[in-house]
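Protein chains get the first letters and strands the later ones, always in sequence-line order, with residue 1 at the start of each.
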Amino acid sequence: MLTLKLIRDNKEFVIERLAIKNNNARTSVEKIIELDKLRKSFQNQSDNKLAELNKVSQKIGQLIKSGQKEQAEQAKQVTINLKEDTRRLTQQLSDTEKQLQEILITLPNLPHSSVPSGKSAKDNIIVRSGGPKITENENMLPHWDLAKKYDIIDFDLGNKITGTGFPVYKGKGAKFQRSLISFFLDEAIKAGFREVIPPFMVNPDSGFGTGQLPDKDGQMYYITFDNFYLIPTAEVPVTNIFRDVVLNESDFPVKYTAYTPCFRREAGSYGKDVRGLNRLHQFDKVEIVVIENPKNSYTQLETMVNYVESLVVKLCLPYRILKLCGGDMSFTSALTYDFEVYSEAQKRWLEVSSVSNFESFQANRLKLRYKDEVTKKNQLAHTLNGSALALPRVVAALLENNQTVNGIKIPDVLVPYTGFKLID
RNA sequence: GGAGAGAUGGCAGAGUGGUCGAAUGCGGCGGUCUCGAAAACCGUUGUUCGCUUUCCGGCGGACCGGGGGUUCGAAUCCCCCUCUCUCCGCCA
């Protein structure tokens with residue numbers, strides 16, 4: 001959520017920046033400014049009436065104490081109109097605040113000044129790429145065939161138990177999955193992140209705090225009976241650890257990592273995008289979350305990108321890093337880098353990580369602040385996060401790229417975790 | 001799931017209708033003392049919105065788990081919700 005102050009003081013700038021995200025915000029912004037003025041007016045009036053009422057009430061107390069019953073009764077008459085006025089004004093005030101809030105939460109975050117304009121993923125900019133050279137071998141099996149051949153991932157079985165998009169990992173496939181999770185967590189811990197295991201369901205307040213609600217309501221699984229949402233990413237529970245928290249500057253940077261399964265309804269997806277492991281309703285992911293001082297958040301973002309890069313390098317995957325254009329960025333992000341790895345049998349790039357700076361957009365919703373050492377005022381902190389990494393597409397690429405006639409080779413860094421060098 | 005108790009400032013803990021944003025203790029910050037520190041003593045110490053102010057600040061509103069109600073007036077009384085604790089039941 002953008003702050004009112006930002007919109008009030010930089011109206012044209014806000015509209016201009018939101019246009020980069022293909023969002024025509026003029027109407028909303030103008031409505032917000034209008035409602036803000038109205039809100040102030042109502043607050044002023046109601047404050048004055050309340051102050052008057054408080055004075056009279058105090059006087060009544062004193063009169064009663066000193067036994068002046070008559071005058072007390074007279075004073076009570078005065079409050080009748082005052083009460084009616086304050087009731088009306090506070091009602092108008094809260095109605096206006098509600099309207100204001102409703103529009104405010106529909107505005108996406110402003111893109112950072114370096115974000116390129118663009119409509120879709122086609123306009124994203126390749127920042128750099130690396131990893132082993134892509135082979136042009138035509139005889140490679142896609143991972144869904146490999147999964148069946150070695151009996152390591154069973155899509156049909158998951159379909160039977162739950163439905164499409166809920167695979168069952170079996171034997172070496174399961175161990176491989178668990179190894180990746182452990183590897184990613186151990187790497188994160190080495191890089192200074194503190195591991196947490198958060199709840200996999202969250203309440204609506206948490207969903208709102210990180211920006212999933214109300215914007216992406218239909219993308220999350222919802223437990224109506226208890227009013228909980230299944231988490232679409234560990235970002236939600238982990239960032240919400242800091243909801244309503246005031247940090248000290250010396251606490252920065254706060255670095256957390258968590259493994260969680262992620263649940264996404266993925267309504268509207270179809271075709272080759274959802275084949276095999278490409279898009280699932282339940283998948284595993286290790287996430288990194290950082291709470292940072294605003295003045296360091298962009299340096300921190302680069303650090304996180306470098307960290308995620310070190311992971312794909314260690315796994316020997318061909319990768320590229322994209323800076324997302326305005327049109328492809330999420331609602332909450334100010335700047336996002338995507339990581340894609342090349343899947344050699346599918347001959348396409350698969351997104352395996354997304355690293356973002358949300359600046360104060362989530363913090364404003366979360367009321368996540370820090371005490372400024374100089375001014376002693378509470379200021380909004382910056383939040384950042386990234387996938388490090390999401391498993392299924394990493395698994396897809398590893399299976400496809402490492403297939404040999406003898407079986408699938410396990411990357412060296414994972415062998416200590418799997419205990420085997422080959423899936424055969 | 002049943003019965004009872006409770007939710008107050010960073011923490012502990014008073015406050016059951018009237019200058020209570022809230023005693024007191026601890027902690028934090030500033031100072032005196034000291035070569036320095038500790039102790040002692042003195043002072044200070046919540047958030048948020050609005051108005052005002054060249055800075056310092058000043059004035060007003062709201063906030064004692066959340067929401068609603070009674071009353072001229074609510075931390076205090078009533079109702080609903082959430083959560084915590086104790087006992088019982090169940091249970092990985």
Side-chain angles (χ1 to χ4, degrees), chain A residues 1-9 32-105 197-209 213 222-229 237 240-251 254 261 360 363-381:
Chain A
M1 185 163 69
L2 299 174
T3 63
L4 252 182
K5 187 173 159 49
L6 177 82
I7 296 170
R8 198 191 292 142
D9 298 345
I32 285 167
I33 288 172
E34 184 192 320
L35 285 168
D36 184 42
K37 282 181 185 154
L38 197 60
R39 173 189 133 259
K40 283 185 187 181
S41 151
F42 282 136
Q43 186 178 345
N44 243 313
Q45 294 177 63
S46 102
D47 280 2
N48 290 338
K49 290 288 179 193
L50 279 167
E52 226 179 301
L53 191 58
N54 286 345
K55 275 213 182 77
V56 176
S57 294
Q58 266 179 28
K59 205 176 89 188
I60 291 172
Q62 288 164 355
L63 288 171
I64 288 174
K65 216 172 232 172
S66 60
Q68 296 168 274
K69 282 243 163 67
E70 273 304 304
Q71 276 121 315
E73 285 308 314
Q74 274 173 19
K76 280 191 195 182
Q77 294 303 309
V78 177
T79 63
I80 293 171
N81 282 337
L82 275 176
K83 278 184 71 169
E84 176 52 30
D85 289 347
T86 53
R87 207 193 51 77
R88 195 188 74 243
L89 286 163
T90 50
Q91 186 60 49
Q92 284 172 314
L93 175 61
S94 75
D95 287 350
T96 311
E97 277 171 342
K98 212 169 136 196
Q99 286 178 48
L100 186 56
Q101 183 76 358
E102 270 168 20
I103 302 178
L104 208 48
I105 62 172
I197 302 177
F200 301 160
M201 296 184 204
V202 294
N203 59 34
D205 281 348
S206 293
F208 177 80
L213 292 175
Y222 178 48
I223 316 277
T224 51
F225 201 77
D226 295 286
N227 198 19
F228 293 149
Y229 291 86
N240 271 281
I241 291 172
F242 297 95
R243 174 149 51 86
D244 293 316
V245 166
V246 181
L247 296 163
N248 294 312
E249 278 198 60
S250 56
D251 296 330
V254 177
S360 62
N364 192 212
R365 290 178 167 224
L366 293 159
K367 303 258 175 298
L368 196 193
R369 293 160 299 169
Y370 70 97
K371 175 89 58 194
D372 187 298
E373 276 169 8
V374 180
T375 64
K376 307 287 178 201
K377 296 268 186 216
N378 289 340
Q379 305 284 349
L380 293 173

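Each of A:Gln99, A:Gln91, A:Lys98, A:Gln92 was compared with A:Asp95 under the side chain to side chain donor-acceptor pair (under 3.5 Å) criterion, and only A:Gln91 meets it.
The distance between atom CG of A:Asp244 and atom C1' of B:G46, rounded to the nearest whole Å, is 15 Å. In this structure, A:Glu73 atom CD and B:G73 atom P are separated by 13 Å, rounded to whole Å. Between the CZ atom of A:Arg243 and the P atom of B:C83 there is a distance of 14 Å, given to the nearest Å. A straight line from CG of A:Leu4 to P of B:U48 spans 15 Å, rounded to a whole angstrom. Atom CG of A:Asn227 is separated from atom P of B:C83 by 11 Å (rounded to the nearest Å). Rounded to whole Å, atom P of B:G10 lies 13 Å from atom CG of A:Asn248. For the pair A:Leu82 CG and B:U71 P, the interatomic distance rounds to 16 Å; values are reported in whole Å. Nucleotide B:U48 holds its C1' atom 10 Å from the CG atom of A:Asn378, rounded to whole Å.
Rounded to whole Å, the separation between the C1' atoms of B:C90 and B:U76 comes to 39 Å. Annotation: B:G25 and B:U19 have their C1' atoms spaced 25 Å apart (nearest Å). Using C1' as the reference atom, B:A22 and B:G9 are 9 Å apart when rounded to the nearest Å. To the nearest whole angstrom, the two C1' atoms, one in B:C83 and one in B:G67, are 15 Å apart. To the nearest whole angstrom, the two P atoms, one in B:G10 and one in B:A23, are 13 Å apart. Across the P atoms, B:A14 and B:G6 are found 12 Å apart, a figure rounded to whole Å. Taking atom C1' on both B:G66 and B:G50, the two are 25 Å apart, rounded to the nearest angstrom. Atom name C1', nucleotides B:G43 and B:U48: the rounded distance is 26 Å, in whole Å.
Ion pairing between A:Arg39 and A:Asp36 holds under the 4.0 Å rule for side-chain N and carboxylate O.
Nearest heavy-atom pair, A:Ser250 versus A:Glu373, reported as atom, atom and distance to 0.1 Å: N-OE2, 4.0 Å.
Within the structure, salt bridge (charged side-chain N to carboxylate O under 4.0 Å, His left out) contacts touching residues 47-56 of chain A (residues at least two apart or in different chains) are A:Lys49-A:Asp85. Sorted by first and then second residue, the pairs that involve residues 68-78 of chain A and meet side-chain hydrogen bond (donor to acceptor under 3.5 Å, both in side chains), not counting sequence neighbours, are A:Ser66-A:Gln68.
A sub-4.0 Å separation between OP1 or OP2 of B:C49 and a side-chain N or O of A:Arg39 is absent. Using a 4.0 Å cut-off, some side-chain N or O of A:Arg369 falls inside it from OP1 or OP2 of B:U48. A sub-4.0 Å separation between OP1 or OP2 of B:U47 and a side-chain N or O of A:Lys371 is present.
Residues from residues 42-63 of chain A that place a heavy atom under 4.0 Å from any atom of RNA chain B, listed by number: A:Gln43, A:Asn44, A:Asp47, A:Leu50, A:Ala51, A:Asn54, A:Ser57, A:Ile60, A:Gly61, A:Gln62.
Contact annotation for A:Arg87: no contact, since no heavy-atom pair falls under 4.0 Å across all strands. Residue contacts for A:Ile64: at a heavy-atom cut-off of 4.0 Å it reaches a base atom on one of the strands shown.
Under the side chain to side chain contact (heavy atoms under 4.5 Å, CB included) criterion, A:Ile33 pairs with A:Ile7, A:Lys11, A:Val29, A:Lys37, not counting sequence neighbours. Residues satisfying the side chain to side chain contact (heavy atoms under 4.5 Å, CB included) test with A:Ser41, not counting sequence neighbours, are A:Gln45.
In RNA chain B, runs of at least 3 consecutive Watson-Crick or G-U pairs, each pair with both distances below 3.5 Å, span B:1-7 with B:82-88, B:10-12 with B:24-26, B:27-32 with B:40-45, B:46-52 with B:57-63, B:65-69 with B:77-81.
Checked by atom type and distance alone, the side chain of A:Asn248 never pairs as donor or acceptor with a backbone atom of A:Asp251 at under 3.5 Å.
A donor-acceptor pair shorter than 3.5 Å cannot be found between the side chains of A:Tyr229 and A:Asn203.
With values rounded to the nearest 0.5 angstrom, A:Arg88 atom CZ is found 8.5 Å from A:Phe42 atom CZ. Here the CG-NZ distance, from A:Asn378 to A:Lys367, works out to 12.0 Å after rounding to the nearest 0.5 Å.
When each of A:Arg8 and A:Lys376 is assigned the nucleotide of RNA chain B bearing its nearest heavy atom, the one mapping closer to the 5' terminus is A:Lys376.
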